[in-house]
Amino acid sequence: RVVDAPGPGGPIETWVASPAGSGDGPLPTIVDVHGGPLGAWAPTPSLEVVLLCAAGYRVVLPNIRGSATYGADWIRPQLGHWGEVDADDVHAALDHVISLGLADADRLGVLGLSYGGFMVNWLVGTTDRFRAAVSENGVANQVSAWANSDCGPEYCRTALMGDPTTPEGIELLWRQSPLRHVANVGTPLLMLQGEGDRRCPPADTEQLFIALRWLGREVEYVLYPDEYHVYASTGRPDRRIDRHTRMLAWFDAHLKG
C-alpha cells in the first residue's frame, strides 16, 4: 500500500510492503532507504523487500526529500544537507507507520545501499530507535570520499556538499559524515561491501568499521571479492545469495531473538 506520511517539508509518499495475510497489526519493521539520493521507490518491490516480507517483516519505503520524481522543490532542501532534512523524513515516515498500528516501535530495523547506506550509517549515530541495521556500500567519511570515489569531486560539487580545498569546505563535508558520530553508535550494524566498488570504495566503509571495533561496538564487516556497487542485484549468484542470507539472519537475530 502507499500512504502519505506527514513530514516537516510536506507529505512523504511512502510505500509499505507487508507479508501476505499479515493483517494490520504491528509487525517487526524495516525501513529501507533508497540510493541516489536521486532515486525513488515505486510500486514494484525489490527482491530484498520480497525476502523480508516472506520472513515476516513489514518494510517501509519512504521517498524522502532528495528523491526524484517530485520536482526540484523536493530535492533542493537536501542539497548540501545530508543527514538533516532527509533523516527527519525517515523518522517522520516511520512515525506515521507506527501511528497506523502497522509497525512495532520496539522492533525496528534500517537498511540501505549507497546513499541509503550513508543514511543507515548516519541514523545509527544519531538515534537509538533501531535494534539492528544493515549498511551496504555506504558512505562514512565525506572528506576522504571526495578524492576516493570515481565521481567524488564532481558529485560533491553538484550536490553542494563542499570540497576539501578550504577549511570551510572540509567542515561542510565533515558535518555530513557519519564517522563524526561514531562514538554515539549503539545499534548492532552489519556492513556489506563490494571489493571492486569505485563509487563507494571499501576504504571509506572500513574507517567506520575500524572505529566501531576500536570502541567495542557490535559490528560485522563482509567484503565481497571483485564485486561492484550493485552486486546485490548483478553480482555472482552465490554472493547475492550470501548477501541476502546474511541480511535476513542479522535482522532475525536482533529483531526476533
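Please read these numbers as outputs of a predicted model, since none were measured by experiment.
A donor-acceptor pair under 3.5 Å is formed between the side chain of Asn137 and the backbone N or O of Gly194. For the pair Trp146 (side chain) and Cys156 (backbone), a donor-acceptor distance under 3.5 Å is absent. Side-chain N or O atoms of Glu48 include none that pairs as donor or acceptor with a backbone N or O of Leu111 at under 3.5 Å. Side chain of Arg65 to backbone of Asp86: no donor-acceptor contact under 3.5 angstrom is found. Here the side chain of Thr127 pairs no donor or acceptor atom with the backbone of Leu123 at under 3.5 angstrom. Side-chain atoms of Asp204 come within 3.5 Å of backbone atoms of Ala140 as a donor-acceptor pair (strictly under, hydrogens ignored). In this structure a side-chain-to-backbone donor-acceptor pair under 3.5 Å is missing from Thr245 to Arg243.
The nearest pair of heavy atoms linking Leu223 to Glu206 is CD2-OE2, 4.5 Å. Minimum heavy-atom separation, Ala93 to Ala5: CA-CB, 3.8 Å. Here the closest non-hydrogen pair linking Val120 and Gly112 is CG2-N, 3.4 Å. Across all non-hydrogen atoms, the minimal contact from Leu208 to Val182 is CD1-CG2, 3.7 Å. Considering every non-hydrogen atom in both Ala87 and Gly83, the closest pair reads CB-O, 3.6 Å. Smallest separation of non-hydrogen atoms from Gln193 and Tyr231: N-OH, 3.9 Å.
With sequence neighbours left out, Asp242 forms a salt bridge (Lys or Arg N to Asp or Glu O under 4.0 Å) with Arg246.
Counting only heavy atoms from C-beta outward, the side chains of Val90 and Asp88 never approach each other to under 4.5 Å. For the pair Leu189/Thr187, no side-chain contact is recorded, criterion being any heavy-atom separation below 4.5 Å from C-beta on. Counting heavy atoms from C-beta outward, Ile75 and Leu38 have side chains that approach closer than 4.5 Å. No side-chain heavy atom of Phe130 sits less than 4.5 Å from a side-chain heavy atom of Asp128. Contact check for Val16 versus Val2: no side-chain heavy atoms found under the 4.5 Å cut-off. A 4.5 Å side-chain heavy-atom check between Leu108 and Ile98 finds at least one atom pair inside the cut-off.
Going from atom CH2 of Trp74 over to atom OG of Ser67 covers 8.0 Å, rounded to the nearest 0.5 Å. Atom CG in Asn121 sits 11.5 Å away from atom CD in Glu136 (nearest 0.5 Å). One finds the CG atom of Leu113 at 13.5 Å from the CE atom of Met119 (value rounded to the nearest 0.5 Å). Note that CG of Leu160 and CD of Gln78 are 9.5 Å apart. Values are rounded to the nearest 0.5 Å. Rounding to the nearest 0.5 angstrom, the gap separating the CG atom in Leu212 from the CH2 atom in Trp214 is 13.5 Å. The line from CD1 of Ile210 to CG of Leu215 is 12.0 Å long, rounded to the nearest 0.5 Å.
If you chain together hydrophobic residues whose side chains sit under 4.5 Å apart, Leu179 and Val139 fall into the same group. The hydrophobic cluster containing Val33 also contains Met161, counting ILVMFWY residues as joined when their side-chain heavy atoms lie under 4.5 angstrom apart, directly or transitively. Residue Val110 is not grouped with residue Val49 when hydrophobic side chains (ILVMFWY) are merged at heavy-atom distances under 4.5 angstrom, including chains of intermediate members. A single hydrophobic cluster is not seen to contain both Ile30 and Leu94; linkage of ILVMFWY side chains at heavy-atom distances under 4.5 Å, directly or through other members, places them apart. Transitive grouping of hydrophobic side chains (ILVMFWY, heavy atoms separated by less than 4.5 Å) brings Val185 and Tyr221 into a common cluster.
Pairs passing the salt bridge (Lys or Arg N to Asp or Glu O under 4.0 Å) check and including a residue from residues 189-200, sequence neighbours excluded, read Asp150-Arg199. For residues 168-178, the set of pairs meeting the side chain to side chain donor-acceptor pair (under 3.5 Å) definition, not counting sequence neighbours, comprises Glu84-Arg175. Residue pairs meeting the ring pair (Phe, Tyr, Trp, His ring centres under 6.0 Å) criterion with at least one partner in residues 79-106, sequence neighbours excluded, are Trp82-Tyr115, Trp82-Phe118. The stretch residues 177-207 participates, sequence neighbours left out, in these ring pair (Phe, Tyr, Trp, His ring centres under 6.0 Å) pairs: Trp122-His181.
The salt bridge (Lys or Arg N to Asp or Glu O under 4.0 Å) test with Arg129 is passed by exactly one of Asp95, Asp106, Asp104: Asp95. Checked against Val143 for a side chain to side chain contact (heavy atoms under 4.5 Å, CB included), the options Asp163, Leu173, Asn148 give a single hit: Leu173.
Salt-bridge annotation for Asp24 and Arg1: present, with a side-chain N of the basic residue lying under 4.0 Å from a carboxylate O of the acidic one. For Arg239 and Glu227, the salt-bridge test passes: some basic side-chain N is under 4.0 Å from an acidic carboxylate O.
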Under 3.5 Å, which donor-acceptor pairs link side chains of residues 50-64 to any protein atom two or more places apart or in another chain?
unit_1: Tyr57; atom_1: OH; unit_2: Phe251; atom_2: O; d: 3.2
unit_1: Tyr57; atom_1: OH; unit_2: Asp252; atom_2: N; d: 3.1
unit_1: Tyr57; atom_1: OH; unit_2: Asp252; atom_2: OD1; d: 2.5
unit_1: Arg58; atom_1: NE; unit_2: Leu102; atom_2: O; d: 2.7
unit_1: Arg58; atom_1: NH1; unit_2: Ser18; atom_2: OG; d: 2.6
unit_1: Arg58; atom_1: NH2; unit_2: Gly23; atom_2: O; d: 3.4
unit_1: Arg58; atom_1: NH2; unit_2: Gly25; atom_2: O; d: 2.5
unit_1: Asn63; atom_1: OD1; unit_2: Trp41; atom_2: N; d: 2.7
unit_1: Asn63; atom_1: ND2; unit_2: Trp41; atom_2: O; d: 3.1
unit_1: Asn63; atom_1: ND2; unit_2: Tyr70; atom_2: OH; d: 2.7

Decide yes or no on side-chain contact (heavy atoms from CB on, under 4.5 Å) for Ser22 and Leu27, but give the supporting numbers first.
-> CA-CA 9 Å; Ser22 60; Leu27 294 178; 3.8 Å; yes
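Atom OH of Tyr228 sits in a sparse spot, with 12 or fewer heavy atoms from other residues, nucleotides or ligands closer than 6.0 Å.
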